[in-house]
There are 4 protein chains.
Amino acid sequence: MARKPPTTPRKKASQQRSRATVEALVEATARILVREGFEKASTNRIADVAGVSVGSLYQYFPSKEALVAAVIDRHNEAIMRLVRAAFAEVADLPIEKAVRRLVTVAIEAHHIDPDLHRILAEQIPRSGHLAEVEAYSHEIHALVRAYLERHRKDMRKIDPALAAFMCVSTIEAIAHNTVLNGAEMLSEKMVKVLVDETTRMVVGYLR
Amino acid sequence: MARKPPTTPRKKASQQRSRATVEALVEATARILVREGFEKASTNRIADVAGVSVGSLYQYFPSKEALVAAVIDRHNEAIMRLVRAAFAEVADLPIEKAVRRLVTVAIEAHHIDPDLHRILAEQIPRSGHLAEVEAYSHEIHALVRAYLERHRKDMRKIDPALAAFMCVSTIEAIAHNTVLNGAEMLSEKMVKVLVDETTRMVVGYLR
Amino acid sequence: MARKPPTTPRKKASQQRSRATVEALVEATARILVREGFEKASTNRIADVAGVSVGSLYQYFPSKEALVAAVIDRHNEAIMRLVRAAFAEVADLPIEKAVRRLVTVAIEAHHIDPDLHRILAEQIPRSGHLAEVEAYSHEIHALVRAYLERHRKDMRKIDPALAAFMCVSTIEAIAHNTVLNGAEMLSEKMVKVLVDETTRMVVGYLR
Amino acid sequence: MARKPPTTPRKKASQQRSRATVEALVEATARILVREGFEKASTNRIADVAGVSVGSLYQYFPSKEALVAAVIDRHNEAIMRLVRAAFAEVADLPIEKAVRRLVTVAIEAHHIDPDLHRILAEQIPRSGHLAEVEAYSHEIHALVRAYLERHRKDMRKIDPALAAFMCVSTIEAIAHNTVLNGAEMLSEKMVKVLVDETTRMVVGYLR
DNA sequence: CATGAATGAGACTTCATTCAT
DNA sequence: TATGAATGAAGTCTCATTCAT
């Protein structure tokens with residue numbers, strides 16, 4: 001077993017069939033991860049579920065890690081699409097409105113695929129892709145910080161980096177716990193209440 | 001779906017030698033988890049590091065899971081000792097003072113063994129240990145809720161369970177991120193700032 | 001009570017190479033059973049003798065039991081080929097001739113691979129293989145019973161199932177003991193005498 | 001692990017407590033063999049069930065094999081007590097009566113502890129005690145042969161050794177199959193029928 | 001390019017036996 | 001002599017990865 005197998009996709013999947021295969025593999029990995037857990041996600045099983053041979057799997061992904069990395073990436077990209085859009089929307093909105101929107105998006109983002117989210121949260125450290133994931137984290141902090149600096153005059157005096165850290169930590173945690181803690185808190189109404197509360201907490205903090 | 005191997009210790013260590021062995025095994029597990037990661041924590045390696053034979057390992061722990069469970073428990077117990085003491089101290093203090101103390105304790109608790117904490121939080125497969133961990137989580141929520149109910153007259157009207165959820169999520173997240181984000185935020189002064197900020201956020205929210 | 005690991009082959013050997021591997025594994029198992037006994041028949045050793053890797057073994061057989069089951073089956077199938085042919089031959093023969101032929105075949109059948117036969121009879125844990133073995137046993141009883149019913153008019157009045165039980169037990173035991181008791185009783189002449197005696201016993205019983 | 005550990009009892013169990021311990025160990029072994037199978041009969045488990053420590057087990061039995069051997073011996077002795085008594089009773093009886101009694105005893109003997117009998121039949125080859133067991137087998141053949149020689153004038157001309165082989169094989173097989181085939185054939189009446197039939201077969205053969 | 005048979009290191013676990021107390 | 005903790009060889013089985021076809 002090679003100590004550090006590469007984790008970047010092997011080729012550009014230039015042809016159509018290739019792309020379909022790659023997609024099938026990533027999808028199969030995600031599904032197995034969610035439905036059967038990390039332990040069961042062997043490369044043979046993944047290839048099987050994807051409907052291709054192990055050989056083909058290794059044609060496109062140099063290692064199992066690379067496959068998991070691709071799943072992580074796909075999921076994070078989906079989240080980031082929501083998040084980036086929300087920040088664009090919100091750039092000129094007043095604090096209260098902006099925060100409310102961002103909190104809502106945070107919860108929505110955790111709803112994209114909660115089970116996958118939970119599994120990936122566990123697997124990321126093992127996947128050797130902390131760096132990529134931290135890039136997303138940094139991006140979010142930067143977005144928040146940019147918003148805060150832009151609206152600094154409507155807030156109390158506070159270091160923007162520190163405030164960003166506080167806000168991101170808080171919102172992320174509440175969204176995470178809300179969604180991952182399962183069915184008990186998922187009613188429409190409950191979500192609305194949580195958005196209200198979180199907004200109140202963050203806005204109160206910033207002012 | 002999954003077979004559930006037991007995760008409770010196999011026999012009580014009655015003699016002195018036994019207790020030393022058990023202790024050595026748990027300690028070795030924790031050390032390997034921290035220094036080499038979950039993947040490397042094989043039963044043979046654990047026994048090796050503990051200076052005993054695999055046979056002895058299985059004399060006291062019915063599975064690898066049970067060993068990890070013991071580590072989790074030991075760590076959570078250490079945290080809970082701090083936390084319970086803090087709540088006892090704080091029971092009659094006014095909100096501001098109480099929150100400040102609890103935030104401080106949260107950060108201290110994450111400092112008990114930050115590396116182990118990180119591993120346990122990130123790298124341990126949740127399945128199988130959920131029960132143990134949730135028990136502690138519930139206890140903390142209950143403690144916070146009890147405090148809030150006791151001091152309800154000094155706060156705005158708010159559902160105690162909901163408020164507990166908000167406060168625990170927030171404080172826990174900030175403490176977690178503060179400690180786990182590594183060396184950059186660990187200065188005495190920085191910690192004080194973070195305690196101030198978190199206290200302000202939570203107190204502002206409750207009033 | 002006991003978990004029941006599967007004992008049926010894991011996948012059909014579709015390609016030629018596969019079939020050779022499967023064959024080699026079953027053959028190796030039989031050889032080790034005979035030459036070194038059940039205890040020595042570890043999966044690693046079997047794979048080794050078969051000239052393949054353990055991995056390949058588990059590609060085709062889900063457990064050690066399954067391998068043993070395959071050996072049993074192969075042996076029983078070989079026996080049953082003789083036995084079925086003999087019953088076909090004998091269907092219309094008069095009792096004396098028929099019994100003589102069947103006794104002879106019973107001894108021949110035990111000669112197919114006497115050492116393997118002994119091991120299978122004596123040393124294989126019954127649990128798990130009972131089903132397969134009983135199927136053959138039932139088939140033999142049914143064949144005998146069918147013959148007896150067909151020739152009922154040449155015999156005394158007797159329950160065919162009971163008579164089948166008596167005849168099969170007797171013939172099987174004598175053939176078994178004859179062959180397994182080793183070299184001392186294997187002379188041509190001795191076999192003839194034993195066939196005579198057994199025939200006399202059984203025919204005398206039926207008439 | 002020593003290649004060939006001794007299988008004879010280590011000491012004479014001269015004292016009373018010793019004898020009780022030895023008895024408890026043999027009994028525990030038999031019970032585990034019957035109730036949980038050979039696989040579960042580990043020395044630790046045996047000691048546990050016997051209510052003594054493993055250390056004590058090895059005080060009295062030099063190996064697990066020796067323990068199994070003791071069980072085999074105890075069981076065979078019990079059988080042989082019946083058998084010897086029966087032959088004594090039968091020595092001067094006419095053939096028909098004698099055979100009937102011996103067949104009955106054979107079935108009774110198999111009833112002493114059928115489950116243990118079945119397990120032991122499997123384990124004897126592994127136990128390295130074939131020799132002792134064959135001694136019993138020889139004894140039985142000798143007893144039958146002696147009877148046959150004594151009553152030779154009431155039979156057709158036949159080699160006594162051969163006739164003994166035929167009779168023992170037949171009676172043993174029928175008794176074995178009758179008892180081991182389980183509940184379906186155990187009614188009082190059925191046993192009587194089987195005794196009748198077996199007697200008829202054997203007597204018919206001898207005359 | 002695809003296939004899937006083959007590989008083999010290594011993980012987990014058991015158990016007969018020894019030996020310090 | 002009894003105890004039971006400790007040992008470690010050995011067994012079963014999995015799975016990431018390679019490579020002949």
Side-chain angles (χ1 to χ4, degrees), chain A residues 1-2 5 11 15 17-18 21 39-48 52-65 67, chain B residues 5 11 13-22 39-48 51-65, chain C residues 5 11 13-22 39-48 51-65, chain D residues 1-2 5 11 15 17-18 21 39-48 52-65 67:
Chain A
M1 209 187 296
K11 60 172 57 179
Q15 302 185 356
R17 185 148 62 117
S18 307
T21 301
E39 329 248 64
K40 294 285 173 52
S42 70
T43 49
N44 279 292
R45 180 120 185 68
I46 291 169
D48 213 44
V52 302
S53 65
V54 225
S56 293
L57 185 156
Y58 278 91
Q59 200 84 42
Y60 295 106
F61 294 91
S63 70
K64 185 187 170 182
E65 301 274 280
L67 225 19
Chain B
K11 67 158 87 162
S14 55
Q15 300 190 355
Q16 196 200 337
R17 191 154 52 128
S18 316
R19 242 175 300 128
T21 299
V22 167
E39 317 269 53
K40 294 288 175 48
S42 72
T43 50
N44 279 299
R45 181 118 186 71
I46 291 170
D48 213 45
V52 303
S53 64
V54 227
S56 291
L57 185 158
Y58 280 94
Q59 195 117 60
Y60 298 105
F61 296 92
S63 68
K64 183 186 164 179
E65 293 277 284
Chain C
K11 66 159 85 162
S14 54
Q15 301 190 355
Q16 197 199 336
R17 191 154 50 129
S18 316
R19 242 175 299 129
T21 299
V22 167
E39 316 270 53
K40 295 285 174 52
S42 72
T43 51
N44 279 303
R45 180 117 187 72
I46 290 169
D48 214 43
V52 302
S53 64
V54 227
S56 290
L57 185 157
Y58 280 94
Q59 194 117 60
Y60 297 106
F61 296 92
S63 68
K64 184 185 164 179
E65 293 277 283
Chain D
M1 210 187 295
K11 59 172 57 180
Q15 305 186 354
R17 185 147 60 116
S18 307
T21 301
E39 329 250 64
K40 295 284 173 55
S42 70
T43 49
N44 279 293
R45 179 121 184 70
I46 290 169
D48 212 44
V52 302
S53 65
V54 228
S56 292
L57 184 157
Y58 278 91
Q59 200 86 43
Y60 294 107
F61 294 91
S63 69
K64 184 186 168 181
E65 302 275 281
L67 225 18

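Chain identifiers are assigned alphabetically (A, B, ...) following the order of the sequence lines, protein sequences preceding nucleic acid strands; residue numbering begins at 1 within each chain. For the numbers below, each heavy atom of this structure counts, side chains included, while hydrogens, waters and symmetry mates do not.
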Margin query: Tell me whether the side-chain N/O atoms of B/Tyr60 come closer than 4.0 Å to OP1 or OP2 in F/dA6.
Written below: yes
Next item on the list: Could you check how far CD of B/Glu39 sits from P of E/dA11, rounded to whole Å?
Entry: 11 Å
Notebook entry, point to check: Quick one: which of F/dA9, E/dT18, E/dC12 gets closest to the side chain of D/Val54?
Noted result: E/dT18
Check: Distance from A/Tyr60 atom OH to A/Thr21 atom OG1, nearest 0.5 Å?
Finding: 5.0 Å
Check: Is there a Watson-Crick or G-U wobble partner for F/dT17 with both distances under 3.5 Å, and if so, which one is it?
Finding: E/dA6
Notebook entry, point to check: Is there a donor-acceptor contact under 3.5 Å from the side chain of A/Ser53 to the main chain of A/Ser56?
Noted result: yes
Notebook entry, point to check: Can you tell me how far C1' of E/dT14 sits from CZ of B/Phe61, to the nearest Å?
Noted result: 18 Å
Check: Quick one: C/Lys64 NZ to F/dC13 P, roughly how many Å, whole number?
Finding: 9 Å
Next item on the list: Nearest whole angstrom, please: distance from the C1' of F/dA5 to the CG of D/Asp48.
Entry: 14 Å
Next item on the list: Quickly work out the D/Asn44 CG to F/dA6 C1' distance and round it to whole Å.
Entry: 11 Å
Check: E/dA2 phosphate, OP1 or OP2: any side-chain N/O from A/Ser53 under 4.0 angstrom?
Finding: no
Check: Within the structure, does a side-chain N or O atom of B/Tyr58 lie under 4.0 Å from either OP1 or OP2 of E/dT14?
Finding: no
Notebook entry, point to check: Rounded to whole angstrom units, what separation is found between the NZ atom of B/Lys40 and the P atom of E/dA9?
Noted result: 18 Å
Item checked: 4.5 Å side-chain heavy-atom contact, C/Val22 and C/Phe61 -> yes
Notebook entry, point to check: Think B/Thr21 has a side-chain N or O under 4.0 angstrom from the OP1 or OP2 of F/dA6?
Noted result: yes
Notebook entry, point to check: CG of D/Leu67 to CD1 of D/Ile46: how many Å apart, nearest 0.5 Å?
Noted result: 4.5 Å
Checklist line | Touch class at under 4.0 angstrom, heavy-atom based, for A/Ser42 against every strand present | finding: sugar-phosphate
Margin query: Taking 4.0 Å as the cut-off, does a side-chain nitrogen or oxygen of D/Gln59 come that near to OP1 or OP2 on F/dA2?
Written below: yes
Notebook entry, point to check: What is the distance, rounded to the nearest whole Å, between atom CZ of B/Arg19 and atom C1' of F/dG4?
Noted result: 15 Å
Notebook entry, point to check: Within the structure shown, what part of the strands sits under 4.0 Å from A/Ser56 by heavy-atom distance: base, sugar-phosphate, or nothing?
Noted result: base
Checklist line | Whether D/Lys64 side chain and D/Ala41 backbone form a donor-acceptor pair below 3.5 Å | finding: yes
Item checked: Rounded distance in Å - CG (D/Leu57) to C1' (F/dT3) -> 13 Å
